[in-house]
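A short worksheet on the structure shown next.
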Amino acid sequence: VGATRAHEVRPLQRTYFMTDFAEDTTQLQNATPFVMTLQAVRTTCSNGDFIISKDVRVGTDGPVPTLNSKYDIVKDLPKDVQCGTEFFKKEGDEYNKLPFAMDPSDCCNILTTEKYKEAMEKQNVPKDCPIKAGSYELKNFIVDTEPMSDDIQRGEFRAAFKMTLPSGDCLYGEETDWKVTDK
């Protein structure tokens, strides 16, 4: 990856392209279509006083890998809960942080975006704030890659989502590993 640049990002409202961190963009003029495949998912932290993760796994919808997650929110979440995501690219045997992230911000900001509402319309996930106690499930979720540009970098990537209290204490965290290849 070229020079590191900071990006201010609003949650779920920005798609990144190679041009965002490539030093020479002339090679991107004839971009090749891509396929993005979910490889793995795992819970990284869960505060049982608030959230109990029951099942997190990769499933399938025909030949397409899907994200599946069952969890209970055992009591209403505090209004000041923060959500953020960091992104990494695999280089050799390790994942290196990419120069952009969805910085932690009020989780309710995410729930009110059109992108979130559209993506989660048919899912049993929190859709209103404050986030209420209940049983939730993300079932056979497929990431819509249609709005992404064909110039997206190829390789193996990780997205590390974390929901925290303002103190930084984790309420829930989940990592997903993705592989981006030519079609």
Side-chain angles (χ1 to χ4, degrees), residues 1-25 27-28 31-47 51 53 55-60 64-69 71 81-107 109-111 113 115-116 119-120 125 138 140-183:
V1 176
T4 301
R5 295 191 333 234
H7 289 279
E8 185 175 314
V9 181
R10 301 187 99 196
L12 297 176
Q13 295 180 335
R14 176 88 160 92
T15 299
Y16 288 94
F17 310 110
M18 269 179 63
T19 53
D20 286 327
F21 48 95
E23 291 181 18
D24 178 11
T25 59
Q27 63 191 354
L28 304 177
T32 303
F34 71 95
V35 175
M36 187 167 77
T37 307
L38 178 62
Q39 303 286 304
V41 60
R42 71 199 135 281
T43 301
T44 56
C45 63
S46 186
N47 180 330
I51 299 173
S53 178
D55 182 31
V56 178
R57 62 185 167 77
V58 175
T60 57
V64 179
T66 61
L67 178 59
N68 297 272
S69 182
Y71 54 96
V81 169
Q82 303 285 296
C83 289
T85 304
E86 294 181 320
F87 300 95
F88 303 82
K89 183 172 185 192
K90 190 171 186 181
E91 304 287 345
D93 290 336
E94 53 185 75
Y95 283 88
N96 296 313
K97 189 174 179 191
L98 291 170
F100 51 83
M102 290 183 215
D103 293 328
S105 67
D106 186 330
C107 292
N109 290 342
I110 294 172
L111 272 57
T113 65
K115 202 70 155 147
Y116 179 85
M120 298 299 154
V125 295
L138 188 65
N140 292 329
F141 181 73
I142 300 169
V143 172
D144 179 15
T145 59
E146 189 64 34
M148 295 181 188
S149 172
D150 287 336
D151 66 5
I152 191 169
Q153 274 195 1
R154 300 330 191 236
E156 294 181 54
F157 298 88
R158 175 170 290 158
F161 168 81
K162 194 181 250 187
M163 177 186 286
T164 61
L165 295 169
S167 65
D169 291 342
C170 184
L171 291 180
Y172 182 77
E174 188 172 280
E175 288 181 343
T176 53
D177 292 344
W178 304 85
K179 189 171 190 175
V180 179
T181 58
D182 288 342
K183 247 185 193 176

Could you pull out all residues at least two apart from Asp55 that satisfy side-chain contact (heavy atoms from CB on, under 4.5 Å)? Arg57, Lys70
List for me each residue that meets side-chain contact (heavy atoms from CB on, under 4.5 Å) alongside Thr181, sequence neighbours excluded, and say none if there are none. Val35, Lys179
Please enumerate all residues that pass side-chain contact (heavy atoms from CB on, under 4.5 Å) together with Pro104, with sequence neighbours excluded. Gln82
OG1 of Thr85 to CD1 of Ile110: how many Å apart, nearest 0.5 Å? 6.5 Å
Value rounded to 0.5 Å, distance of CG in Asp106 from SG in Cys83: 8.0 Å
Just wondering, do Glu156 and Tyr95 contact through their side chains at under 4.5 Å, heavy atoms? yes
Residue list, ring-ring contact (aromatic ring centres under 6.0 Å, His included) with Phe34, at least two apart or on another chain: none
Applying side-chain hydrogen bond (donor to acceptor under 3.5 Å, both in side chains), can you list everything that pairs with Asp182, at least two apart in sequence or on another chain? Arg154
Atom pair OH/OG1 of Tyr71 and Thr43 - distance to nearest 0.5 Å: 11.0 Å
Ignoring hydrogens and angles, write down the donor-acceptor pairs under 3.5 Å from the side chains of residues 158-169, residues two or more places apart or on other chains.
unit_1 : atom_1 : unit_2 : atom_2 : d
Arg158 : NE     : Asp177 : OD1    : 2.7
Arg158 : NH2    : Asp177 : OD1    : 3.4
Arg158 : NH2    : Asp177 : OD2    : 3.2
Ser167 : OG     : Asp169 : N      : 3.3
Ser167 : OG     : Asp169 : OD2    : 3.3

Residues which pass side-chain hydrogen bond (donor to acceptor under 3.5 Å, both in side chains) with Ser46, listed by chain and number, not counting sequence neighbours: none
Rounded to the nearest 0.5 Å, how far apart are OG of Ser69 and OH of Tyr172? 4.0 Å
Side-chain contact, heavy-atom cut-off 4.5 Å: Tyr116 with Asn109? no
Indicate the atoms forming the closest heavy-atom contact of Glu174 with Thr44, along with that distance. N-OG1, 3.5 Å
Non-neighbouring partners of Val58 that pass side-chain contact (heavy atoms from CB on, under 4.5 Å), sequence neighbours left out: Leu38, Val41, Pro65
Can you sort out the partners of Lys97 under side-chain hydrogen bond (donor to acceptor under 3.5 Å, both in side chains), two or more places apart, ordered by chain and number? Glu86
Interatomic distance, Gln39 atom CD to Trp178 atom CH2 [nearest 0.5 angstrom]: 9.5 Å
Closest heavy-atom contact between Gln153 and Val180? O-CG1, 3.4 Å
Give the C-alpha distance, both sets of side-chain angles, the deciding distance and a yes or no for side-chain contact (heavy atoms from CB on, under 4.5 Å) between Met102 and Phe87. CA-CA 9 Å; Met102 290 183 215; Phe87 300 95; 3.7 Å; yes
Got a sec, which residues hit side-chain hydrogen bond (donor to acceptor under 3.5 Å, both in side chains) with Asn140, two or more places apart in sequence or on another chain? Thr66
